[in-house]
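Order of appearance sets the numbers: ligands from 1, and atoms from 1 within every ligand.
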Amino acid sequence: MLVDGYGREVDYLRVSVTERCNFRCQYCMPEKPFSWVPKENLLSYEDLFKFIKVAIDEGVKKVRITGGEPLLREGLENFVRMIAEYKDDIDLALTTNAYLLPKAAQKLADAGLKRINVSLDSLIPEVAQKIAQKDVLATVLKGIQAADDAGLKIKVNCVPMQGVNDSELCDILDYCKERNYPVRFIEFMENDHALSGAKGYTSIQIQNIIKAKYKFEKLERTGSSPSQDYKTEDGYVFGIIEPHKDDFCATCNRIRLTASGVLIPCLYFEDSQSIKEAIQNNQIDKAAAILKDVLANKPEKNKWSEDTETSARAFYETGG
Ligand code: SAM
Ligand code: SF4
């Protein structure tokens, strides 16, 4: 079992396979970054998998593949298969913008993927285009349908932004409710890479928007899910991810690996260590020792509880 310096069990590894993306979301990567990590600096799937095995052997039970846009990296289904075949009870999931799912969904399901989180910020083509800076909606909706048809369990992520998609939160909730997909509204996390002036909503504000249409009750928090869940009168459960709240970090069970092999203990925390050299030299004990060292250094709290702060880390680099 992996435990951090504050006694929290860490059993969830998020692995970014690329920082590149085919969208330019206002809140994440509004412009193409000045420079990408050169492809030759990325860890190969084999090397990422070597580290994932170390983490699983040490007690990780849940692995999420993310990015950038993970489906941009060729052969992702082979990577999924490696992980799924290593331990069949591993909780393996993928976070994607869904744009490439129409072709990829069935291959991913065949490779052993069970669950997928898709980002869906608008159901109006022009608004989706404004957010992603590309005409994406029709393909995204096809991608979500393809994932559903392939038998993948679907959750939806939505980042409410002031003056952008705020009039649509109930419509997005309805879309998800009709299909029985849990939706999670994520408070915008201020970061230096987002569009300047971009503003999100607090959990209370999101709740007030949804209250215009639905009555709902707050559910007791269970486990280490980052989402505070709410249940509508007719039984649909949706969530709000509230990183600005003081107690958000109390049950954090996550650690993140970037595509270039940097292990990050917290989304907001500048310290990190690379496992690249250890993994590439097959020094498995050393990689396990770095993992434990990084966890010992995991901070108690992130910075978003002080709500004027922003993070220098890019979400497309850490995987969100
Ligand atoms: N490209 C994939 C996608 O968009 O689902 C995976 C990577 S993306 C960085 C992972 C998650 O981070 C998405 O759900 C996205 O909405 C969320 N995200 C990105 N920037 C954010 C921000 N500034 N505040 C809150 N959530 C953010
Ligand atoms: Fe790309 Fe996802 Fe960031 Fe949007 S949120 S720019 S889809 S990595």
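- Those atoms of ligand 1 that come under 4.0 Å of a heavy atom in Val159, given as number and element, are 16 (O), 26 (N).
- In this structure, atom 17 (C) of ligand 1 has its sub-4.0 angstrom surroundings free of protein heavy atoms.
- Ligand 1 is approached by Glu187 to a heavy-atom distance shorter than 4.0 Å.
- Remark: ligand 1 atoms within the under-4.0 Å shell around heavy atoms of Asn157 are 14 (O).
- Residue Leu152 comes nearest to Ile116 through the heavy atom pair CD1-CD1, 3.9 Å, listed as atom of the first residue, atom of the second, then distance.
- For atom 9 (C) of ligand 1, the nearest non-hydrogen atom of the protein is Phe315 O, 3.5 Å.
- Ring centers of Tyr27 and Phe188: at least 6.0 Å apart, outside the cut-off.
- For Tyr236 and Tyr214, the gap between ring centers reaches or exceeds 6.0 Å.
- Close contacts of ligand 1 with Ser119, meaning ligand atoms under 4.0 Å from a residue heavy atom, involve 3 (C), 4 (O), 5 (O), 13 (C), 14 (O), 16 (O).
- In this structure a side-chain-to-backbone donor-acceptor pair under 3.5 Å is missing from Gln129 to Lys134.
- The main-chain N or O of Val159 is found under 3.5 Å from a side-chain atom of Asn165 such that the two form a donor-acceptor pair.
- With Cys25, Cys28, Gly320, Gly68 as candidates, the residue nearest to atom 6 (C) of ligand 1 on a non-hydrogen basis is Gly68.
- Of all atoms in ligand 1, numbered sequentially from 1 with element shown, those under 4.0 Å from a heavy atom of Thr66 are 6 (C), 7 (C).
- Between the side chain of Arg24 and the main chain of Cys21, a donor-acceptor pair closer than 3.5 Å is present.
- Listed by number with element, the atoms of ligand 2 under 4.0 angstrom from any heavy atom of Cys21 are 1 (Fe), 6 (S), 7 (S), 8 (S).
- Taking every non-hydrogen atom of Glu69 and a distance limit under 4.0 Å, the qualifying atoms of ligand 1 come out as 1 (N), 2 (C).
- The protein non-hydrogen atom at the shortest distance from atom 24 (N) of ligand 1 is Met189 N, 2.8 Å.
- Per-residue contacts place Asn191 under 4.0 angstrom from the following atoms of ligand 1 (heavy atoms of the residue considered): 23 (N).
- Relative orientation of the Phe238 and Tyr230 rings is parallel, given thresholds of 30° and 60° on the angle between their planes.
- Between the choices Val159, Asn97, Asn157, the shortest heavy-atom distance to atom 7 (S) of ligand 2 belongs to Asn97.
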### Query
For Asp91 and Arg115, what are the C-alpha separation, side-chain angles and deciding distance, and is it a salt bridge (charged side-chain N to carboxylate O under 4.0 Å, His left out)?
CA-CA 8 Å; Asp91 180 0; Arg115 301 196 303 110; 3.0 Å; yes
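- Contact between Cys21 and ligand 1 is absent, with no heavy atom of the residue lying under 4.0 Å from the ligand.
- Taking the ring axis of Tyr12 as reference, the NZ or CZ atom of Lys62 stays within 45° of it and closer than 6.0 Å to the ring centre.
- No cation-pi contact links Arg313 to Phe315, judged by a cut-off of 6.0 Å to the six-membered ring centre and 45° from its axis.
- The closest protein non-hydrogen atom to atom 10 (C) of ligand 1 is Gly319 O, 3.6 Å.
- Between Phe185, Tyr316, Tyr99, Tyr27, it is Tyr27 that holds the heavy atom closest to atom 15 (C) of ligand 1.
- At the shortest separation from atom 3 (Fe) of ligand 2 among protein heavy atoms lies Cys28 SG, 2.4 Å.
- Numbered from 1 in the order shown, with element, the atoms of ligand 1 that lie under 4.0 Å from a heavy atom of Phe188 read 23 (N), 24 (N).
- Considering CD1 of Ile240 and CG of Leu169, their distance stands at 9.0 Å, rounded to 0.5 Å.
- Against a heavy-atom cut-off of under 4.0 Å, Asn97 is close to the following atoms of ligand 1: 2 (C), 3 (C), 5 (O).
- Assignment of Gly68 to the shell around ligand 2 is supported, since a heavy atom sits closer than 4.0 Å.
- The proximity of Cys25 to ligand 2, defined as any non-hydrogen pair under 4.0 Å, involves the side chain as well as the backbone.
- Residues Asp148 and Tyr181 bring a donor and an acceptor atom of their side chains to less than 3.5 Å of each other.
- When atom types are taken as modelled, the side chain of Glu242 and the backbone of His244 share no donor-acceptor pair closer than 3.5 angstrom.
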